[in-house]
Structures are given as structure tokens and as C-alpha cells.
Protein chains: 2
Amino acid sequence: MSQSTSVPTARRALVDPKSCSISGALDALGDSWSILVLRELFYGVRRFNDIQNDLGISRSVLTDRLARLVEIGVARTEPYQEPGDRVRNQYRLTRKGVRMLPVMVALMEWGDEYLCGGEGPVTLEHRETGETVRVELRTVSGAPVEPSQIVTKARNGRSR
Amino acid sequence: MSQSTSVPTARRALVDPKSCSISGALDALGDSWSILVLRELFYGVRRFNDIQNDLGISRSVLTDRLARLVEIGVARTEPYQEPGDRVRNQYRLTRKGVRMLPVMVALMEWGDEYLCGGEGPVTLEHRETGETVRVELRTVSGAPVEPSQIVTKARNGRSR
DNA sequence: CAGTATCCCAAGCGATACTG
DNA sequence: CAGTATCGCTTGGGATACTG
């Protein structure tokens, strides 16, 4: 990746590895169910029992997870009413939840490639053009980037 | 996302939600430490004690996690030797591990945006141009895609 | 249907000590 | 430095039963 020397040199942490970002995101949503619940919501599954049946998650844990997702702000409840029935709750992604989509797609691509031999059970397509949708590393100006071209920089100045 | 009706209809799972892809990737690397270890390796940290100190992970768990990462094939060991010292092991990402980079970057961006108020402690830059590197949803032909434009399709034919 | 309430087990993890 | 070995706790989560 960033360097190709064979012997690693003495080092200090680039940045406090417990702070923010990856570790923080994992603290919030890195348990064994949250991302799968988010995936269900993205697929359009919104009802408690449907999610439970799809995932095979226990009811108590799903209750807990949904509450937490709402608390964190990645999902929200929304009342709905079937004709002749009482009002119930459904769940939807918020903008903050939708922003987790690149994470889900990236996981899916990795799984497709290395667990399903290149072709997964689900594809993502552009609604109008029908083209396959993928996740890519690009510069802000839109140029494709290879992992080997990436340099990590801490805001304090150091880099790798 | 995919639909905007207020009352969800009866449903069947789009695809077996336990199979492959997201769930499979999470089974392999979704525990509380693996991705953080991968991040360290990407940052260029390769030695046992360095990783341990950075992450604050316990030694026994790190031993276990590194072994598993090697077993899965996302990391590999590589002997190295400091002058006047005996041969030791270091760890590096394999191609399969590097392919997890979009997941890490996506998590980092989400964390930066929602946990650090928009600006995280680390930035990724293109080595030559210095431009910031991001992860994006695009079609195979390179057109940017909004989440709302994505349709999910199962290979069996159904879609959402 | 959409939860809540209990109960209990097992995995996951940290702390600590030891070794080549 | 790079691990391995033990131990014991904590908590995540499944099973089951109950409720408005």
C-alpha cells in the first residue's frame, strides 16, 4: 500500500485510533445486527415481523436494535394504518441512514467477489438506465483512484 | 428509497437474507476488532505490539484475530529481520484485504460526517494530485448515482 | 401485529502471567 | 518482540411466553 519497505520502522500512531470515524461508526453500528437491519430498511422492508422473519433475529434484540437505530437517528418510526385496523408503526431510513448505503454496497461487493465467486444474489441497478451500480474510490474531481495511490494524512500534519 | 407508498404491502423476502454478500462479509469480518486491525494494516502498521498498543486490544484477542485474518486470506504474514535480531513476523494486507478499503473509507466518511461534525482527524489524498479521495456510488460507465435512483434486483428476477 | 418481559447460556473479551 | 495460556466476568442474544 503506502510503503513497500520490508522492515517496518519505529512508529507512533498516526492519530488516536480510538477517536472518531471508523471506530466511532463501528461503535454506533458495528454490532452483529444493525447493518443487516439497515439493509432490510433499504430494501423497503419496514415492519417489525417482516424484518424479524427475514433476518431470523430474536424479537427482543430487534426491539432493542430498532430503538437504538431511531435513537442514533439513522431510522425513524412512521405510523401507518391498514384499513379496518388500528394504527401501527413502521420504520424507515433517515438521510443519515441512507448515508450508510456506501458501506452496505461495499460490503456487498466484497462478499459477492470473495464469498460468492464474483456474482452475488442481488444486483443494484440505476432506475433509468438499468446500469449496474457500484461503489468506487474517486478524487473529489471525479478521477478514479487505486488504493496504492492513496496517502493517509492526519490533520496535525503527519502522513503515510 | 425505492418506493414511497405509505402503507407497506404484504411481502416475501427479496432473497434469502442470510445468504452471501453483506451478511457473509459481516460474518467474516463484522466482529468488533477485525476491521480496525485491517485499518491498522492499511495505515502501514505491521507489528503485533504496535497494533496492540494502537488499538488497546488484548493480546489474546489480537493473536486470534490476526490468525483469522490470515486464514480468511485478507492478511498474510511476512518474515522480517532487524539487524542483529532474530527473524520475526509482520503482517500485511493481501489483495483481498485491500478490497475491503471501500468499506473502511465509507465507514470513515460516515463517521466524519455524523460523529465529527463533517471533518475527521484523517484525510485520504491522491499521492500525485493531493486531491481528497472519497467513495462514491457510480454506474459501471462512471455516472454518479443517487441512492434514490437505485433499484434492487434479485437474480431470480424480482426487484424493488 | 408489534412489541415487552424473563431467563439463561455461551461467546467474546480483558487482565494477567508466562515463554522462546 | 511476538506471541501463548488461563481465568473469570460481562453482555449479547436466542427461546419462550405474555399483552394491548
Side-chain angles (χ1 to χ4, degrees), chain A residues 6-12 17-18 23 26-37 40-41 45-72 75-92, chain B residues 6-13 17-18 23 26-37 40-41 45-71 75-92:
Chain A
S6 167
V7 175
T9 53
R11 51 168 301 290
R12 292 176 300 163
K18 301 297 290 181
S23 150
L26 289 174
D27 279 351
L29 299 168
D31 68 277
S32 39
W33 286 116
S34 291
I35 292 190
L36 259 10
V37 174
E40 288 294 302
L41 296 183
V45 183
R46 310 200 214 291
R47 293 150 106 170
F48 189 94
N49 276 17
D50 289 337
I51 299 172
Q52 199 231 328
N53 288 332
D54 273 7
L55 297 182
I57 186 178
S58 75
R59 303 181 71 74
S60 46
V61 173
L62 180 54
T63 299
D64 179 85
R65 239 21 60 101
L66 285 170
R68 170 187 285 265
L69 293 179
V70 169
E71 185 188 342
I72 289 173
R76 65 191 153 86
T77 58
E78 190 177 282
Y80 75 96
Q81 188 163 23
E82 301 264 16
D85 210 343
R86 72 168 174 79
V87 175
R88 298 184 183 286
N89 259 336
Q90 59 180 331
Y91 297 85
R92 278 172 175 271
Chain B
S6 168
V7 175
T9 54
R11 51 169 300 289
R12 292 175 302 163
K18 300 298 290 181
S23 151
L26 289 173
D27 279 350
L29 299 169
D31 69 277
S32 38
W33 286 115
S34 291
I35 292 190
L36 259 11
V37 174
E40 288 294 302
L41 297 183
V45 182
R46 310 200 212 290
R47 294 150 105 169
F48 189 93
N49 275 16
D50 289 337
I51 299 174
Q52 199 230 330
N53 288 331
D54 274 8
L55 297 181
I57 185 178
S58 76
R59 301 180 72 75
S60 46
V61 174
L62 180 55
T63 299
D64 179 85
R65 237 23 58 102
L66 285 170
R68 169 188 286 267
L69 293 179
V70 169
E71 185 189 342
R76 66 193 153 86
T77 59
E78 189 176 282
Y80 74 96
Q81 188 163 22
E82 300 265 17
D85 210 344
R86 70 168 176 79
V87 175
R88 299 184 183 283
N89 258 337
Q90 59 180 333
Y91 298 86
R92 279 171 173 271

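Worth saying up front: this structure is predicted, and the values here are computed from it rather than measured. Every chain is numbered from 1, with letters handed out A, B, ... down the list of sequences.
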Can you build the contact string for nucleotides 15-20 of chain C? Use B for base contact, S for sugar-phosphate-only contact, and - for no protein heavy atom under 4.0 Å. B----B
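Residues passing the side chain to side chain donor-acceptor pair (under 3.5 Å) test with R88(A), sequence neighbours excluded: none. For T63(B), the side chain to side chain contact (heavy atoms under 4.5 Å, CB included) partners at least two apart in sequence or on another chain are F48(B). Applying the salt bridge (Lys or Arg N to Asp or Glu O under 4.0 Å) criterion to R65(A), with sequence neighbours excluded, gives D31(A). With sequence neighbours excluded, the residues that form a salt bridge (Lys or Arg N to Asp or Glu O under 4.0 Å) with R76(B) are E78(B). With sequence neighbours left out, the side chain to side chain donor-acceptor pair (under 3.5 Å) criterion links N49(B) to R59(B). Not counting sequence neighbours, the partners of S58(B) by the side chain to side chain contact (heavy atoms under 4.5 Å, CB included) test are S60(B), V61(B).
Computed from coordinates, the L62(B) CG to dG14(C) C1' distance equals 13 Å when rounded to whole Å. In this structure, L29(A) atom CG and dG12(D) atom P are separated by 15 Å, rounded to whole Å. The distance from atom CG of L66(B) to atom P of dC1(D) is 16 Å, rounded to the nearest whole Å. The OH-C1' distance, from Y91(B) to dC1(D), rounds to 11 Å in whole Å. Distance, Q90(B) CD to dG3(D) P: 11 Å, rounded to whole Å. In this structure, L26(B) atom CG and dG12(D) atom C1' are separated by 16 Å, rounded to whole Å. Distance D50(B) CG to dA2(D) C1': 11 Å, rounded to the nearest Å. Rounded to whole Å, atom P of dA2(D) lies 15 Å from atom CG of L55(B).
The side chain of W33(B) sits closest to dC13(C) out of dC13(C), dG3(C), dA2(D).
E40(B) is listed as a side-chain neighbour of L55(B), based on a closest heavy-atom distance under 4.5 Å. For the pair L29(B)/L69(B), a side-chain contact is recorded, criterion being any heavy-atom separation below 4.5 Å from C-beta on.
Both I57(A) and D64(B) lie near DNA chain D, and the one whose nearest nucleotide falls closer to the 5' end is D64(B).
One end of the helix from dC1(C)-dG20(D) to dG20(C)-dC1(D) points its axis 50° away from the other end's axis, with each axis taken from 5 pairs and the angle rounded to 10°.
For dA2(C), one of the phosphate oxygens OP1 or OP2 lies less than 4.0 angstrom from a side-chain nitrogen or oxygen of Y80(A). Note on N49(B): a side-chain N or O is less than 4.0 Å away from OP1 or OP2 of dC1(D).
A donor and an acceptor atom, one from each side chain of Y80(A) and R47(A), are located under 3.5 Å apart.
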